[in-house]
Amino acid sequence: MNFTKRDDFQEALVKNLIIVILGIVINCINGIIVLTFCKNSVFHSDSRYILYMNLVVNDMILIYVSVTMHVLIYAYPNFNVSMCCTLVVTGSTTHMNTPIILAGMAIERYIAICKPLHHAQICTVRRTYIIIALTWGVGFVPAVADVIIVLATRPIGFFSSVIFCFSLNLYNTRYHEEKVKVVQALYMSFVWLTLIYTYFMIFRTARSAKGDTASAKKAQNTILLHGAQLLLCMLSYITPLYEVVLISFFPIHRSKITFLNYLITNIIPRLLTPLIYSVRDQKFAKHMSKYYCKVIIVKVKLKRRRLKCSSKRVCSSNG
């Protein structure tokens, strides 16, 4: 995130407006997707859409926390450590969830394409919700580990003090550095190996299939888009490295570089989620358009009724 104090009022206002507007747009779109899922029971028994809703809800929480922290840093630079810790833990958990959820969705597509006869038995609704619970648990453990390290290395009064609310200010011991290296290596290795394996297996199935090659190719493209989305998310792990390089060449634009990096690594990947999974999915897009067409029609009818009622009142009063 861009947390420099050198921004003048106009620059800070523009940056926060961009972040807030994008955050509202993304969460409104995601809210429509969640509502469509809830209103149509046909999706409730399909593991694919349940996993997708988990990703959408995760993104909504992440966007909310991320945008809130970005605005608060400018509005209230010195923040209570306990509140800051709560926001950072929530943001960290949802951030770590994203690659694991993408890996889970890739595995589900692999089973659906490569083992279609076993898909119904393996990917049951109950097992899907168990996977979702495990995903949140695995994402939550590293965030809790950071807090435990702070408790072990800092006095208890530290949590009632104020701090510039940024994860590197909160977690700045060598134990945190070692934990980050181990966790990132394990998580990213597992996720990338999963995506690469599932992609090549689906690719092989698509080439050898004589029947429904269209669905296999679509799944193959979906895995590729998983990888593109994950690559954008992973840029946040190497942001400090290329920020140093870019800032060394363009020191005057330090603030703009950090802000652009924040947009690319935190906001843009979440904007891709509805485009990758909702718009491309004909079944989901069809139900979403049907439902919201009905909503618009009902609203238009209600508006007309109100106008008629108001015009009758005006006529009766004139009479």
Side-chain angles (χ1 to χ4, degrees), residues 1-38 52-79 83-84 86-88 90-95 97-98 101-102 164-167 225 228-236 239 242-243 246 250 252-281 284-285 288-289 291-293 295-296 299:
M1 291 184 187
N2 181 15
F3 297 139
T4 179
K5 292 183 180 180
R6 296 179 183 178
D7 294 348
D8 56 29
F9 176 77
Q10 187 178 0
E11 187 176 351
L13 181 64
V14 169
K15 287 177 180 178
N16 279 287
L17 277 175
I18 291 169
I19 294 298
V20 170
I21 290 168
L22 281 174
I24 291 170
V25 168
I26 293 168
N27 272 0
C28 283
I29 294 169
N30 285 337
I32 290 169
I33 291 166
V34 171
L35 202 56
T36 302
F37 174 82
C38 294
Y52 172 48
M53 283 310 107
N54 183 39
L55 179 64
V56 171
V57 171
N58 184 80
D59 281 356
M60 288 178 76
I61 297 169
L62 178 57
I63 286 290
Y64 176 77
V65 172
S66 181
V67 171
T68 301
M69 286 185 68
H70 192 278
V71 174
L72 284 175
I73 286 302
Y74 282 95
Y76 305 101
N78 296 318
F79 209 61
M83 287 296 295
C84 176
T86 303
L87 288 171
V88 170
T90 308
S92 175
T93 301
T94 50
H95 185 74
N97 278 352
T98 302
I101 294 170
L102 290 173
F164 188 68
C165 191
F166 183 45
S167 58
L225 289 168
Q229 189 179 18
L230 183 62
L231 192 62
L232 284 172
C233 293
M234 280 184 66
L235 287 175
S236 62
T239 293
Y242 66 80
E243 265 189 11
L246 288 172
F250 310 102
I252 301 172
H253 303 292
R254 178 191 181 95
S255 174
K256 291 180 177 66
I257 290 167
T258 52
F259 176 72
L260 188 62
N261 285 337
Y262 170 66
L263 271 180
I264 293 169
T265 58
N266 287 275
I267 304 297
I268 302 301
R270 277 80 213 177
L271 188 59
L272 292 176
T273 300
L275 298 176
I276 292 172
Y277 306 105
S278 295
V279 178
R280 288 179 68 248
D281 191 296
F284 198 90
M288 191 161 61
S289 61
Y291 176 72
Y292 285 98
C293 281
V295 171
I296 291 165
K299 284 185 176 179

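Quick note: numbers below take in every heavy atom, side chains included, and nothing from hydrogens, waters or symmetry partners.
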Flag the pair [X] / [Y] as yes when at least one side-chain heavy-atom distance between them is below 4.5 Å, and no otherwise.
{"X": "His70", "Y": "Asn266", "value": "no"}
{"X": "Ile19", "Y": "Val71", "value": "no"}
{"X": "Leu263", "Y": "Leu22", "value": "yes"}

By side-chain contact (heavy atoms from CB on, under 4.5 Å) - contacts of Ile29 (at least two apart)
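Partners of Ile29 by the side-chain contact (heavy atoms from CB on, under 4.5 Å) criterion, ordered by chain and then number, come out as Val25, Ile33, Pro274.
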What I want to check is whether the side chains of Tyr262 and Ser66 have a donor and an acceptor closer together than 3.5 Å.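 Side chains of Tyr262 and Ser66: pair found under 3.5 Å.
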Would you name the heavy atoms of [X] and [Y] that are closest together and state the gap between them?
{"X": "Arg270", "Y": "Ile26", "result": "O-CG2, 3.8 Å"}
{"X": "Val88", "Y": "Cys165", "result": "CG2-SG, 4.5 Å"}
{"X": "Phe79", "Y": "Met83", "result": "CE2-CB, 3.5 Å"}

(request) Apply side-chain hydrogen bond (donor to acceptor under 3.5 Å, both in side chains) to Asn27 and list each qualifying residue two or more places apart in sequence or on a separate chain. (result)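 side-chain hydrogen bond (donor to acceptor under 3.5 Å, both in side chains) list for Asn27, sorted by chain: empty.
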Quick one: side-chain hydrogen bond (donor to acceptor under 3.5 Å, both in side chains) partners of Asn58, sequence neighbours excluded?
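Only Asn97, Thr98 meet the side-chain hydrogen bond (donor to acceptor under 3.5 Å, both in side chains) criterion with Asn58.
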From [X] [atom1] over to [Y] [atom2], what is the distance, rounded to the nearest 0.5 angstrom?
{"X": "Met53", "Y": "Asn30", "atom1": "CE", "atom2": "CG", "value": "8.5 Å"}
{"X": "Ile101", "Y": "Leu55", "atom1": "CD1", "atom2": "CG", "value": "5.5 Å"}
{"X": "Ser92", "Y": "Leu62", "atom1": "OG", "atom2": "CG", "value": "10.0 Å"}
{"X": "Asn78", "Y": "Cys84", "atom1": "CG", "atom2": "SG", "value": "11.0 Å"}
{"X": "Glu11", "Y": "Lys256", "atom1": "CD", "atom2": "NZ", "value": "4.5 Å"}
{"X": "Asp59", "Y": "Asn54", "atom1": "CG", "atom2": "CG", "value": "9.5 Å"}

